[in-house]
Structure formats: structure tokens, C-alpha cells
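Here's the structure, in C-alpha cells; my notes come after.
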There are 2 protein chains.
Amino acid sequence: MSAMTTREHIVEAADELFYRHGFEHTSFSHIAGAVKISRGNFYYHFKTKDEILEAVIKRRLANTRDMLAAWERNSDDPAGRIGCFIKILITNGRRIRQFGCPVGTLSTELTKLEHPSGEGATALFSLFRDWLAGQFTLLGRKSDADELAIHLLVRSQGVATLASAFGDEKFIQLEVDQMIDWLQSLHMSTAGGTEEKK
Amino acid sequence: MSAMTTREHIVEAADELFYRHGFEHTSFSHIAGAVKISRGNFYYHFKTKDEILEAVIKRRLANTRDMLAAWERNSDDPAGRIGCFIKILITNGRRIRQFGCPVGTLSTELTKLEHPSGEGATALFSLFRDWLAGQFTLLGRKSDADELAIHLLVRSQGVATLASAFGDEKFIQLEVDQMIDWLQSLHMSTAGGTEEKK
DNA sequence: GTCTATATAATGATAGAC
DNA sequence: GTCTATCATTATATAGAC
């Protein structure tokens with residue numbers, strides 16, 4: 001059934017292990033064990049560990065693009081789409097409490113390692129940033145769309161960091177509710193502002 | 001002049017290196033190079049690398065306690081003290097853009113490593129959390145003091161994460177200003193609430 | 001207390017058989 | 001494409017001289 005190539009299996013396993021244990025802490029042995037191939041066979045598919053990291057980031061970029069596209073299909077109004085973003089904290093709550101945000105934690109690690117692929121991790125952030133800014137623009141907040149996008153990223157990143165530090169889920173819901181309220185109040189004031197311009 | 005023992009030098013150097021490059025990526029060689037002692041000499045002072053980590057966390061706990069005490073001395077009103085917390089993002093802006101938040105990044109890393117000292121890193125978070133909750137209580141928000149403390153931690157953590165991912169400083173000031181506004185609005189509504197009780 | 005070996009294990013990476 | 005050696009390097013950690 002599974003038409004996945006060995007290469008794809010490697011990237012999928014590496015993706016998960018990098019998320020759970022970090023890039024540096026994940027060795028070829030770990031990945032090989034997960035994929036059930038020998039360490040040697042690895043180098044037929046990837047010449048270096050960094051190449052696997054590149055493939056993982058590419059995969060995450062593609063998956064993220066798919067997710068954003070799905071949100072756009074599932075909701076016509078930008079506020080609802082932004083709501084989808086906010087609610088990942090609930091949807092992926094269990095994993096976020098365990099391992100934090102996959103985007104933020106990878107970016108943080110690669111920055112400390114001064115790793116060239118750190119830019120790729122930032123690109124992953126930019127994907128969300130630009131998409132959110134686009135939605136805020138549709139909401140009528142063209143002038144401060146990027147600031148609002150950053151603001152939401154800031155809050156969701158912070159929730160993820162604290163959720164995994166304290167292993168707590170109580171305040172995740174609280175913070176999510178506040179973000180939804182914030183989005184709502186923004187929507188309201190914007191609707192008013194739009195009317196004034198008529 | 002320097003009355004610091006070799007042990008203290010090691011802990012200080014390790015503290016800085018753990019912050020800049022992460023715990024796992026920092027080797028004895030790196031620390032030894034910074035302190036200018038041989039690798040072998042290390043084990044006279046610490047039996048394992050984990051022991052150094054413990055000492056570093058202990059040092060950070062002590063330094064944090066000192067910082068919180070200084071904020072209490074420098075300001076009589078709790079709002080001003082909370083303002084001190086918010087403004088670390090500016091004060092330590094350069095380093096935060098380079099290496100993120102020392103508390104958050106260590107906690108994130110140790111969680112992924114499933115390292116026993118992860119609890120120590122969380123204790124560092126709790127120091128801020130409890131202190132902030134105490135200040136909010138003094139502000140007259142006893143019932144939701146912990147939620148407010150978490151909320152501020154969330155936002156400052158998020159700012160630190162994004163600041164280091166994008167290497168940007170523009171939105172740090174923006175976010176800090178918004179946090180100050182939020183604190184102010186809270187203070188106002190609370191002052192009203194306090195009067196009502198009279 | 002500090003040093004110079006040295007032991008040991010794991011890691012990323014290679015060579016060559018099948 | 002996958003495997004079994006194997007290599008070189010690095011890391012933590014130890015032993016023993018000074």
C-alpha cells in the first residue's frame with residue numbers, strides 16, 4: 001500500500017525525531033532505528049545530516065502551505081481563517097505541551113547552533129507571518145497587517161513555550177480565548193472604521 | 001583582584017556558553033577554552049557535565065532572585081515593578097535578538113533532551129511567575145494574579161522567540177509598548193474596582 | 001589544584017560485498 | 001538499494017604525574 005520511498009520514510013522519521021528530541025540530539029542511529037534500515041544505507045539517500053535537515057524543512061514548508069490552503073478553503077472570511085491559526089494551540093495541544101511548537105523550537109535550536117539552515121526555519125515562520133498579514137489586510141487592516149501578524153505569532157509562540165515548560169493545559173485555553181476576543185474586538189473596530197470611510 | 005575561585009569561573013563561563021550555543025552543543029573543550037584550564041582539571045571541580053548544568057541553574061536562580069529584589073527596591077508601586085520586567089526585552093534587547101531568552105531557550109532544550117534538570121529550568125520560570133503574581137496581587141488582582149502573570153510571561157517569551165528568529169528589533173519596541181499599555185489599562189480598571197469596594 | 005596522557009563510547013561518514 | 005564492516009573525530013570521563 002504505502003507507496004513511500006525509503007527516502008520519504010527517512011525524512012518523515014527525521015521530521016518527527018527532530019521535533020521530539022531536537023536536531024542535534026537526534027543521531028543517525030535513532031533515525032535508522034525508526035525507519036528500520038541500517039546506518040550505512042543512509043548515505044545512499046543523503047550525503048550528510050544537514051541534507052536531511054534541509055529535506056525536513058522543505059517538507060515542513062510544503063505541509064504548512066497545504067495547511068494554510070486548507071484553512072482558506074474551509075472559511076471564506078479572514079477572521080475565521082485567523083481563528084483556525086489560533087486554534088492550532090488547542091488542536092495540537094497535547095504535542096505542544098510535550099514538545100513545544102515545531103517552528104519555534106527548531107528555529108531557536110538552529111540559531112544557537114549557528115546552523116545555515118536556520119534561515120529555512122525562519123522561512124517557515126515567514127510563511128505564517130505573511131499569510132496572517134494577508135488575512136489582516138483582507139480584514140481591512142492593510143496599514144498594520146504585519147504588526148498584527150507578528151502580534152499573533154508572538155502570543156502563540158509564548159503559549160507554546162510556557163505550555164511545554166509547565167506541561168500545563170489550563171492556561172492554553174485561557175490564552176486562546178483571549179486571542180479570539182482580541183481578534184473579535186479588532187474585527188469590530190475595523191468594521192466601524194470601514195463604515196466611517198463610506 | 002578577582003576573588004573568584006576556578007569553580008566559579010567554570011560556572012560563569014558555562015552559563016554564558018549554554019546560553020549562546022545551548023547545553024548539548026557546549027563541550028568541555030569549549031568551557032575549558034573560555035576559562036583557560038585543561039579539560040582534565042575539570043573533573044576536580046565537577047564529576048559530570050550534568051553537575052555543571054545544575055550549578056549553572058543554581059547560579060541563574062540566585063541572579064534572578066537578586067534582580068527581582070533590585071526591582072522591588074527601585075520601585076514602590078507594583079505597576080512600576082512589573083514595568084521593569086517588561087522592559088528587560090529592551091534592556092537585554094541585543095542579546096535576546098542574538099540568543100533568545102535564557103530561561104525559555106534552556107527550558108525548551110532540556111525538555112527535548114528529557115533532561116532531569118528540566119525541572120530546574122521550570123523553577124526559573126516559576127520564580128518570575130510567582131513574583132509577577134505577587135505584584136498583580138498587590139495591584140488588587142488577587143483572584144486572577146496567576147493568569148495575569150502567565151499572560152505577561154507568554155507575551156515576553158513570544159517576543160524573545162520571534163526577535164531571535166527574525167533578528168529584528170522594530171517589533172520588540174512595538175510589543176513592549178503594547179504590554180505597557182495593557183498594564184496601564186489593567187491598573188486603571190483595578191483602581192476603579194478598588195474604590196468601589198470602599 | 002592543575003596538568004598530560006589515556007580509556008571508552010558515540011557520532012558522522014566511507015568502502016565494498018551482495 | 002541495502003547490508004556489514006570500518007575509519008576518523010569528538011565527547012565524556014579517568015588515572016596518575018607534578
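Chain identifiers are assigned alphabetically (A, B, ...) following the order of the sequence lines, protein sequences preceding nucleic acid strands; residue numbering begins at 1 within each chain.
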- [ ] Give a yes/no on whether any side-chain N or O of A:S29 is located under 4.0 angstrom from OP1 or OP2 of C:dT11.
- [x] yes
TODO: With the side chain of A:S38 defined as its heavy atoms from C-beta on, choose the nearest nucleotide among D:dT2, C:dT4, D:dT4.
DONE: D:dT4
Open item on the list: Any side-chain N or O of B:Y44 below 4.0 angstrom from OP1/OP2 of C:dG1?
Closed with: yes
Open item on the list: Closest approach to the side chain of A:Y43, judged atom by atom: which nucleotide of C:dT14, C:dT11, C:dC3 is it?
Closed with: C:dT14
Task: B:H9 NE2 - C:dG1 P separation (whole Å) - done: 14 Å
Open item on the list: Rounded at 0.5 Å granularity, tell me how far CG in A:L132 sits from CG in A:L139.
Closed with: 11.0 Å
Task: Listed nucleotide nearest any side-chain atom of A:K49, set C:dG12, D:dG1, D:dT12 - done: C:dG12
Open item on the list: Can you measure B:F42 atom CZ to D:dA13 atom C1' for me and round it to whole angstrom units?
Closed with: 12 Å
Task: Value in whole Å for how far the C1' atom of C:dT14 lies from CZ of A:F46 - done: 18 Å
Open item on the list: From C-beta outward on B:H30, which listed nucleotide comes closest to its side chain: D:dT2, D:dA11, C:dG1?
Closed with: D:dA11
Open item on the list: Mind checking if B:T26 touches a base, just sugar-phosphate, or nothing, with heavy atoms under 4.0 Å?
Closed with: sugar-phosphate
- [ ] Kindly assign one of parallel, tilted or perpendicular to the pair B:F23 and B:F18, based on the angle between their ring planes and the thresholds 30° and 60°.
- [x] perpendicular
TODO: Between D:dA11, C:dC3, C:dT2, spot the one nearest the side chain of B:T6, thanks.
DONE: C:dT2
TODO: For the pair A:K49 (side chain) and A:F28 (backbone), establish whether a donor and an acceptor sit closer than 3.5 Å, ignoring hydrogens and angles.
DONE: no
- [ ] Dump the intermediate steps for salt bridge (Lys or Arg N to Asp or Glu O under 4.0 Å) on B:R20 and B:E16, then the final yes or no.
- [x] CA-CA 6 Å; B:R20 293 171 100 106; B:E16 181 67 15; 2.6 Å; yes
Open item on the list: Any base atoms under 4.0 Å from B:F28, or only sugar-phosphate, or nothing? Heavy atoms, all strands.
Closed with: sugar-phosphate
Task: Which residue lies more 5' along DNA chain C, comparing B:G40 with A:F23 via nearest heavy atoms - done: B:G40
- [ ] Output yes when B:D15 and B:R60 qualify as a salt bridge under the 4.0 Å nitrogen-oxygen rule, no when they do not.
- [x] yes
TODO: Report yes if at least one side-chain N or O of B:N41 is closer than 4.0 Å to OP1 or OP2 of C:dC3; otherwise report no.
DONE: yes
Task: Side-chain N,O (A:H45) to OP1/OP2 (D:dT2) below 4.0 Å - done: yes
